[in-house]
Every structure is written in C-alpha cells, then in structure tokens.
*Asks:* 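Handing you a structure now.
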There are 2 protein chains.
Amino acid sequence: MGASKTEHFSDEQNTIAIIAKALGHPARIAIIEHLIKVNACICGEIVNELPLAQPTVSQHLKELKNAKIIKGTIEGNSICYCIDETTLNHLKNYFENITKQLKIKSTHCC
Amino acid sequence: MGASKTEHFSDEQNTIAIIAKALGHPARIAIIEHLIKVNACICGEIVNELPLAQPTVSQHLKELKNAKIIKGTIEGNSICYCIDETTLNHLKNYFENITKQLKIKSTHCC
DNA sequence: TTTATTTATTGCAATATTACGATATATATT
DNA sequence: AATATATATCGTAATATTGCAATAAATAAA
C-alpha cells in the first residue's frame with residue numbers, strides 16, 4: 001500500500017501525527033529554528049540559509065504550512081513567514097502531558 | 001532523489017527530526033498512548049489493540065525502537081515493550097525550549 | 001519431540017517523500 | 001513596457017514508507 005489507515009485512529013492521534021511528521025525532517029527543523037532565531041517574520045532569505053535548492057525549500061515550507069506550523073503572508077513581492085505558536089504549543093502540551101503521566105506511573109520493568 | 005541530505009544539518013536537528021518522524025504516524029502515536037495507558041510493560045497484546053496486521057505492527061514497533069522511543073525486552077516467548085522516557089523527555093524539553101523562546105520574543109506580525 | 005504461541009523477517013505492490021531543473025506567476029523597479 | 005526579484009508549481013527520478021500474506025525463528029506447552 002503506502003497510504004496510512006488514518007480513519008482507524010482518533011482525531012487527536014492523527015493531528016499529533018501530522019504535526020510530528022511535518023517536523024520529521026532536519027531541513028524543516030532548521031527552518032523552525034531559523035524563524036525563531038531571527039525572531040518573527042522574515043521575507044525570503046530562508047532559501048539562503050539552507051543547503052537546498054529553492055524549489056526544495058519552497059516544498060518544505062509548504063508542508064510546514066499545511067501542518068499549520070508556520071504562517072505565510074504576502075509582503076510586497078516576497079512572502080513573510082513566521083511560526084504559528086498555537087500548533088507548537090499544542091504539540092508541547094501533548095508531550096508535557098505524556099511525560100507527566102510517565103513520571104506519575106513510572107513502573108519501570110525494562 | 002528521495003533521500004534526505006542529513007549531513008548538512010546539525011546532530012541535534014537530525015536527532016529531533018528522527019524522533020519526530022518516528023512519531024509521525026497515527027499508529028505509532030496509538031502505540032505510545034497504549035503503552036502509557038496500560039502502564040509500563042505489556043507483553044504482546046499491542047497487535048490486538050491496533051486495526052493493523054501483525055507484521056505491520058511489528059514494523060511500527062521496530063521504527064519506534066530504532067528511534068529509541070520504546071524499549072523491548074524478551075520475556076519468555078513474548079516481548080515486553082515499554083517507553084524509553086529519556087527520548088520523550090528530550091523531545092519534550094526541545095519543544096518547551098522552543099515555545100519558551102517564542103513567548104519571550106513574541107513579535108507577532110503575521 | 002510434536003504442537004501451539006508469539007514475534008520477526010521477507011517479498012511485494014501501492015503510495016509518499018525528497019530533491020531539483022525548468023518554468024510559471026506575481027510584484028517591484030527601471 | 002521591459003527587466004529584475006521572489007516564490008510557487010510542474011515534471012521527473014531516486015528512494016522511503018505503508019501494509020500485508022507468507023514464512024521463518026524462537027520459546028512454551030503438550
């Protein structure tokens with residue numbers, strides 16, 4: 001096959017998986033880190049920061065946009081990207097919750 | 001192509017991407033959640049919980065093991081899986097750090 | 001030892017991802 | 001209008017992922 005059986009899982013499970021998947025590439029992690037480092041919106045220049053061709057970067061940006069991890073607004077003849085805090089906060093909360101439950105239970109046996 | 005240019009990115013960026021990628025499938029999120037819910041090690045039974053065939057589940061478990069998100073130890077003729085807290089804590093800390101930086105800077109413009 | 005149980009591996013088909021050259025689009029500048 | 005600049009899309013090749021039937025491997029139970 002090759003297609004995931006998303007219909008068998010909960011909305012939350014699918015949502016978390018989509019966000020995690022979008023972050024599952026070093027280039028996209030690098031994009032996120034750069035957006036944070038330069039603080040807020042940058043118009044263009046992401047391409048120059050990455051060791052990848054312009055169409056490839058554009059594709060990675062599109063995937064981050066689809067997962068709602070970044071937002072892009074048109075600014076003259078360039079596009080201004082910044083992080084969508086809501087989505088990263090959602091992911092952060094999810095992992096905080098999971099690790100908290102692990103700490104509470106912590107029944108180590110392996 | 002199809003292969004990521006991992007050598008151009010930092011170790012930390014690659015590590016986070018590998019963990020995120022491993023969590024980038026709803027079945028693997030479901031496995032993690034089940035491991036937490038039943039608390040600690042369960043020997044087998046994960047296959048019965050998921051709407052997927054045994055070889056498929058085995059493959060997902062392998063990927064979670066490769067990313068060091070779960071650990072598996074042999075227990076009689078079955079295998080006992082549990083979560084490797086270190087890895088999920090690493091990821092949690094990473095996202096806490098990122099979202100903290102976002103909160104500090106918070107220069108909204110999009 | 002034979003049989004059952006549990007998990008892993010192999011092989012394969014369908015689909016998705018990654019990367020990039022070529023090209024399109026859209027605005028800015030001259 | 002013509003040209004430059006910035007980003008997106010298309011097309012395509014290489015590779016990876018997903019899913020499962022068939023089968024192997026390894027231990028447990030009879």
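All figures in this text were calculated on a predicted structure; none of them were measured in a lab. Quick note on labels: first sequence line is chain A, next is B, and so on, each numbered from 1.
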*Asks:* Rounding to a whole Å, what distance do you find between Leu23(A):CG and dT18(C):P?
*Replies:* 12 Å
*Asks:* Applying side-chain hydrogen bond (donor to acceptor under 3.5 Å, both in side chains), can you list everything that pairs with Asn97(A), at least two apart in sequence or on another chain?
*Replies:*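 If we apply the side-chain hydrogen bond (donor to acceptor under 3.5 Å, both in side chains) test to Asn97(A), skipping adjacent residues, the hits are Gln101(A).
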*Asks:* Is there a donor-acceptor pair under 3.5 Å between the side chain of Arg28(A) and the backbone N or O of His60(A)?
*Replies:*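 Here the side-chain-to-backbone pair does not exist.
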*Asks:* Give the rounded distance in Å between these two atoms: CD of Glu75(B) and C1' of dT5(C).
*Replies:*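 To the nearest whole Å, that distance equals 16 Å.
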*Asks:* For residues 15-24 of chain B, which residue pairs pass the salt bridge (Lys or Arg N to Asp or Glu O under 4.0 Å) check, not counting sequence neighbours?
*Replies:*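 Listed once each, the pairs would be none.
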*Asks:* Where the side chain of Tyr81(B) is defined as all heavy atoms beyond and including C-beta, which of dC20(C), dT5(C), dT7(C) is the nearest nucleotide?
*Replies:* dT7(C)
*Asks:* With a 4.0 Å limit, can you tell me whether Thr56(A) has a side-chain N or O closer than that to the phosphate oxygens OP1/OP2 of dA19(C)?
*Replies:*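 Result: no.
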*Asks:* Within this structure, what is the CD1-to-C1' distance between Ile79(B) and dT5(C), rounded to whole angstrom?
*Replies:*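 Distance, rounded to whole Å: 13 Å.
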*Asks:* Nearest to the side chain of Ser78(B) - dT6(C), dC20(D), dA6(D)?
*Replies:*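 Comparing dT6(C), dC20(D), dA6(D) against the side chain of Ser78(B), the answer is dT6(C).
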*Asks:* Could you measure the distance from the CD1 atom of Ile70(A) to the OG1 atom of Thr87(A)? Nearest 0.5 Å is fine.
*Replies:* 10.5 Å
*Asks:* Under 3.5 Å, side-chain donor or acceptor atoms of residues 52-59 of chain B against the rest of the protein: list the pairs with distances, not counting sequence neighbours.
*Replies:*
none

*Asks:* Rounding to an integer number of Å, can you tell me how far Ile31(A) CD1 sits from dT7(D) P?
*Replies:*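 Going from CD1 in Ile31(A) over to P in dT7(D) covers 12 Å.
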*Asks:* Please list residues of residues 47-55 of chain B whose heavy atoms come under 4.0 Å from any atom in DNA chain C, ordered by number; otherwise none.
*Replies:* Gln54(B), Pro55(B)
*Asks:* If you take any heavy atom closer than 4.0 Å to DNA chain C, which residues from residues 60-68 of chain B end up in contact?
*Replies:*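 The answer is Lys62(B), Lys65(B).
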*Asks:* Over how many whole Å does the gap from Ile74(A) atom CD1 to dA8(D) atom C1' extend?
*Replies:*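 Atom-to-atom, Ile74(A) to dA8(D), this comes out as 11 Å.
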*Asks:* Just how far, in rounded Å, is C1' of dA28(D) from CG of Asn77(B)?
*Replies:* 5 Å
*Asks:* For dT17(C), does OP1 or OP2 lie under 4.0 Å from any side-chain N or O of Lys21(B)?
*Replies:*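 Negative; the distance criterion is not met.
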*Asks:* How close or far is atom C1' of dT7(D) from atom CD1 of Ile70(A), stated in whole angstroms?
*Replies:*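 Value for this atom pair: 13 Å.
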*Asks:* Taking side chain to side chain contact (heavy atoms under 4.5 Å, CB included) as the definition, give me every residue that meets it alongside Lys62(B), ordered by chain and number, with sequence neighbours left out.
*Replies:* Asn66(B)
*Asks:* Could you walk me through whether Val38(A) and His34(A) satisfy the side-chain contact (heavy atoms from CB on, under 4.5 Å) test, starting with their C-alpha distance in whole Å, then the side-chain angles of each, then the deciding distance to 0.1 Å, before giving a yes or no?
*Replies:* CA-CA 6 Å; Val38(A) 300; His34(A) 185 69; 3.4 Å; yes
*Asks:* Pairs of donor and acceptor atoms involving the side chains of residues 9-18 of chain A, under 3.5 Å and at least two apart or interchain, shall be tabulated with distances.
*Replies:*
residue	atom	partner	partner atom	Å
Ser10(A)	OG	Gln13(A)	N	3.1
Ser10(A)	OG	Gln13(A)	OE1	3.4
Glu12(A)	OE1	His90(A)	NE2	3.4
Glu12(A)	OE2	His90(A)	NE2	3.4
Gln13(A)	OE1	Ser10(A)	N	3.1
Gln13(A)	NE2	Glu33(B)	OE1	2.8
Asn14(A)	ND2	Thr6(A)	O	2.9
Asn14(A)	ND2	Phe9(A)	O	3.4
Asn14(A)	ND2	Ser10(A)	O	3.2
Thr15(A)	OG1	Asp11(A)	O	2.7

*Asks:* Residues two or more places apart in sequence or in another chain: which of them pass side chain to side chain contact (heavy atoms under 4.5 Å, CB included) with Asn89(A)?
*Replies:*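 For Asn89(A) the side chain to side chain contact (heavy atoms under 4.5 Å, CB included) partners, ignoring immediate neighbours, are Glu85(A), Lys92(A), Thr99(B).
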